[in-house]
4 protein chains.
Amino acid sequence: MNPSSFVNSFPSGANAAAADASSVNLRVGGDRRKQRSRRKEARPSELAAAALELFVERGFAATRLDDVAASAGVSKGTLYLYFNSKEALFKAVVQEAIVPELIAAEQFMANHRGSAAEVLRELTFFWWRHSGATRLAGVPKLMIAESGNFPELAKYYHDHVMMRGRALLGAVLARGIESGEFRRVDLETAIDLIIAPVMMLHVWRYSVCAHEREIDAEAYLTMHCDMIIRGFATEGNPA
Amino acid sequence: MNPSSFVNSFPSGANAAAADASSVNLRVGGDRRKQRSRRKEARPSELAAAALELFVERGFAATRLDDVAASAGVSKGTLYLYFNSKEALFKAVVQEAIVPELIAAEQFMANHRGSAAEVLRELTFFWWRHSGATRLAGVPKLMIAESGNFPELAKYYHDHVMMRGRALLGAVLARGIESGEFRRVDLETAIDLIIAPVMMLHVWRYSVCAHEREIDAEAYLTMHCDMIIRGFATEGNPA
Amino acid sequence: MNPSSFVNSFPSGANAAAADASSVNLRVGGDRRKQRSRRKEARPSELAAAALELFVERGFAATRLDDVAASAGVSKGTLYLYFNSKEALFKAVVQEAIVPELIAAEQFMANHRGSAAEVLRELTFFWWRHSGATRLAGVPKLMIAESGNFPELAKYYHDHVMMRGRALLGAVLARGIESGEFRRVDLETAIDLIIAPVMMLHVWRYSVCAHEREIDAEAYLTMHCDMIIRGFATEGNPA
Amino acid sequence: MNPSSFVNSFPSGANAAAADASSVNLRVGGDRRKQRSRRKEARPSELAAAALELFVERGFAATRLDDVAASAGVSKGTLYLYFNSKEALFKAVVQEAIVPELIAAEQFMANHRGSAAEVLRELTFFWWRHSGATRLAGVPKLMIAESGNFPELAKYYHDHVMMRGRALLGAVLARGIESGEFRRVDLETAIDLIIAPVMMLHVWRYSVCAHEREIDAEAYLTMHCDMIIRGFATEGNPA
DNA sequence: AATGAATGAGACTTCATTCAT
DNA sequence: GATGAATGAAGTCTCATTCAT
């Protein structure tokens, strides 16, 4: 699993607009003359990808920059050409890893037509496919573990990732309430309860249960959606 | 010094209140001759308590033994009289923090009479009062963050804490299904979905949302229980 | 030339009051039981002495802490028990090196009786004996070289050392003018011109001329004093 | 690339003004074809000029080649086209900075007619105007700071700069003694005492006193010359 | 000739661990 | 039992130097 595959692992249709053109061009360009400069443009992403792997696996503090460098196939000094500090690398990793994920989800939502319940269910599984099943699955654990020591990063993650994801869910819920499909519940709390099990699924897979218990994600998420939809359904409209 | 021997050195029926009392008595007792030996017995607990505080706040790697020692009012060397390594201290901390918590929950369950739904709801709030509102609240985050680097500890936590807690919930669910109160759902998955939001509540409070958003635990847990109970209720028995 | 000789190289009668008693006790104590703790008190001075040697010889940046530690016979980590950073060590070195020097000169002055010219001449040679001929001779060069990068230290040196030395000279000059021995010259400028050749003598010995030319300090300072005294003398009083 | 070949590549009768003119012409000249080759010849001087600025300001060790390159508007690699190492650059800088200074002083002396006292005074102020008031003022401090780590350079500076300057002063003194204007003093020592305050004036301005005290160079040098001339004057010839 | 990306040795600094007292 | 001074391995970060383009 090399760094470049990481780039390609993003939903192809989704991030075309969002991801900077350069990293996309990286693969389509045909001529060799610009390889050096193109390489330079691609480096930060490659390094961040290597770092993501290790951060997710070992945590921030336990990851040595030597290992990141070795994993990316560069020298330790090269890391500092692109990132001023280990912390800066950490920030870049999180941003590279999560922003495309969100953009994809937002586009998915924007294009979807269907009942609120359907959207909720499909969004959940979309999320799982695009995050839970990839190496991005480790990011929530990473954030949980390190946000205490990196308040700045925690704020960024909260503002740009969690709030954005919550807004998505809030819109679905509001639509369902509007249409009479859902009961009138407190939106914030409802959002919390939709998100929590999904996050926890990621976390379990990457930490406590990693080697102890195999969680059947499909069944887990199916039941979760059932519960949510049933729990929010209006009386005359049992999902 | 294996984990279980350490656990067994705790007062068997003890909970947090009892442990506190002992360390308080330590200073009010009038007999001076016994103070030394009493103190000796209490030391590991005092040290672990100081370490818990710091581990939970800063994480394992970012906590220096100097700080633990200073916080406990002893010299750094003294730590090594009771724990062979930082890792050993970590194990002791986790074990000391969680075992009493569980014992208390089990006793609570054993004594409770009522419908499955009632028990579920009360158990949830009991848990919250005894864990979420105390310093133990940080333990889940700690476990999530460090279990990857301490597989042995993750296993212990999984086997002795999570499984024990899951057994508790499994018993309640089984009772509800038996009595016709709940539908026949997959037990393991159902347990996961009951636990996840509670864990996540702990985690959020200690990490990402710490400084960003105040979660109303009461409303959150109430809605969670509503959803669970409604979601599991049999057709003719809408909770 | 070991560190302890450094301590003893200070004028014995002069610094008895100034230097902290501990470093003096270091040598007079007879019992062995307290060696450990006494050692601790003495350590900072020993380390600073070792550092002085190297700083003076190689400059601040070119001196490695490994070498300082090795030279003091301790491990690198030990340095950090006493000094928070290389810069802190530098500060300590300067302060340890120069303050006693000044105190000695002040006491010398206070006890001296004689004409202004005599005092001037004797003070100059006193200074030379106590500074120019010891390893402290390198401090002026050190300060000149590094003060640009350590403005804080430059200020300290200026305020506590140079101003103090200048005050000494200013007092002598003022006395001479008062008594009609010296002409009425601008004090500040006069002080500059008395100091400059003395400083430069130190500097030359430690830098440019170190291996090229041997300056006869005795002749140099004698002529310097002659020039100064003759230059300042009133018409009817040719020195 | 040995020192002397480098020196010889400079315009022989040149001084600072001439060198400046060449680099200015570089840009105003209309002929574009020559610009490339002209530029090539000028490069080393431009690079050394940029380096001088930084060396003087920060010292040798604290100056990064990145900054030198950036300041000269070239890439870091280009530095190595002209100088084999940082040390080689340092040598070039010193040589380029001081040789023209000396040549100018020698020419000034050669053309001067007047009493020894007059020459001494005017030479001093000439020196100050051409060195103390320009960026060259920092060179003495630089030499003092680094000569310990660059013995070879110290020797060059001593042999080519100091000795040459001393010869100049020695000639003036000898002339004064010959004519009966000055007393018969030891020449070497006398030269030292003439130079020292001038050097120290440079040094003070660039280091310890930089931000603390403003020295009135005019008054300082005037008094210095007065003292020297008065001090050396024969009995019947009070300056 | 010129670039600037890449290197890697080496610097400062931290901290878990040990041990003489 | 308790101390705390001492250690040294290992980490992050810097920067002079090289070399493919």
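The structure displayed is predicted, hence computed values, not measured ones. A, B, ... follow the sequence lines: proteins, then strands. Residue 1 opens every chain.
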Nucleotide nearest K86(A) when distance is taken to its side chain, options dG8(F), dC13(F), dG8(E)
dC13(F)

My understanding is that only residues two or more places apart in sequence, or in another chain, count here; which of them pass salt bridge (charged side-chain N to carboxylate O under 4.0 Å, His left out) with K86(C)?
none

Pick the nucleotide of DNA chain F nearest each of K76(C) and Y80(A); which residue has the one closer to the 5' end?
K76(C)

Nearest whole Å is fine: how far is dA5(E) C1' from F83(A) CZ?
15 Å

Between dA6(E), dA16(F), dT7(F), which nucleotide gets closest to the side-chain atoms of T78(C)?
dT7(F)

Rounded to whole Å, the CZ-C1' distance (R58(D) to dT14(F)) equals 15 Å

Please identify each residue that fulfils side-chain hydrogen bond (donor to acceptor under 3.5 Å, both in side chains) with T63(A), with sequence neighbours left out.
none

Can you measure F90(C) atom CZ to dC12(E) atom C1' for me and round it to whole angstrom units?
16 Å

Toward the 5' end of DNA chain F, which comes first, F60(A) or E87(D), by nearest nucleotide?
F60(A)

What's the closest nucleotide to the side chain of L81(A) if the choices are dT7(E), dA6(F), dA16(F)?
dT7(E)

From CG of L54(B) across to C1' of dC15(E) the rounded distance in Å is 15 Å

Can you tell me which stems involve DNA chain E, if a stem is defined as three or more consecutive Watson-Crick or G-U wobble pairs, both distances under 3.5 Å?
E:2-21 with F:2-21

Return the set of residues passing salt bridge (charged side-chain N to carboxylate O under 4.0 Å, His left out) with D66(C) (not counting sequence neighbours), or none when no residue passes.
K76(C)

Let me know the distance between CG of L79(D) and P of dT3(E), rounded to the nearest Å.
10 Å

Among the candidates dC12(E), dT3(E), dA6(E), find the nucleotide nearest to the side-chain atoms of R43(A).
dA6(E)

Interface with DNA chain E, restricted to residues 61-71 of chain B and to heavy atoms under 4.0 Å
T63(B), R64(B), L65(B)

Which atom pair, heavy atoms only, marks the closest approach of L153(C) to V94(C)?
CD2-CG2, 4.0 Å

Going by ring-ring contact (aromatic ring centres under 6.0 Å, His included), name the residues that satisfy it together with F90(B), two or more places apart in sequence or in a different chain.
F55(B), F60(B), F150(B)

Give, for atom CG of L47(C) and atom CG of L81(C), the distance between the pair rounded to the nearest 0.5 Å.
9.0 Å

Rounded to whole Å, please give me the gap between OH in Y82(C) and P in dG4(F).
12 Å

Any luck finding a side-chain donor-acceptor pair between S45(B) and E96(B) under 3.5 Å?
yes

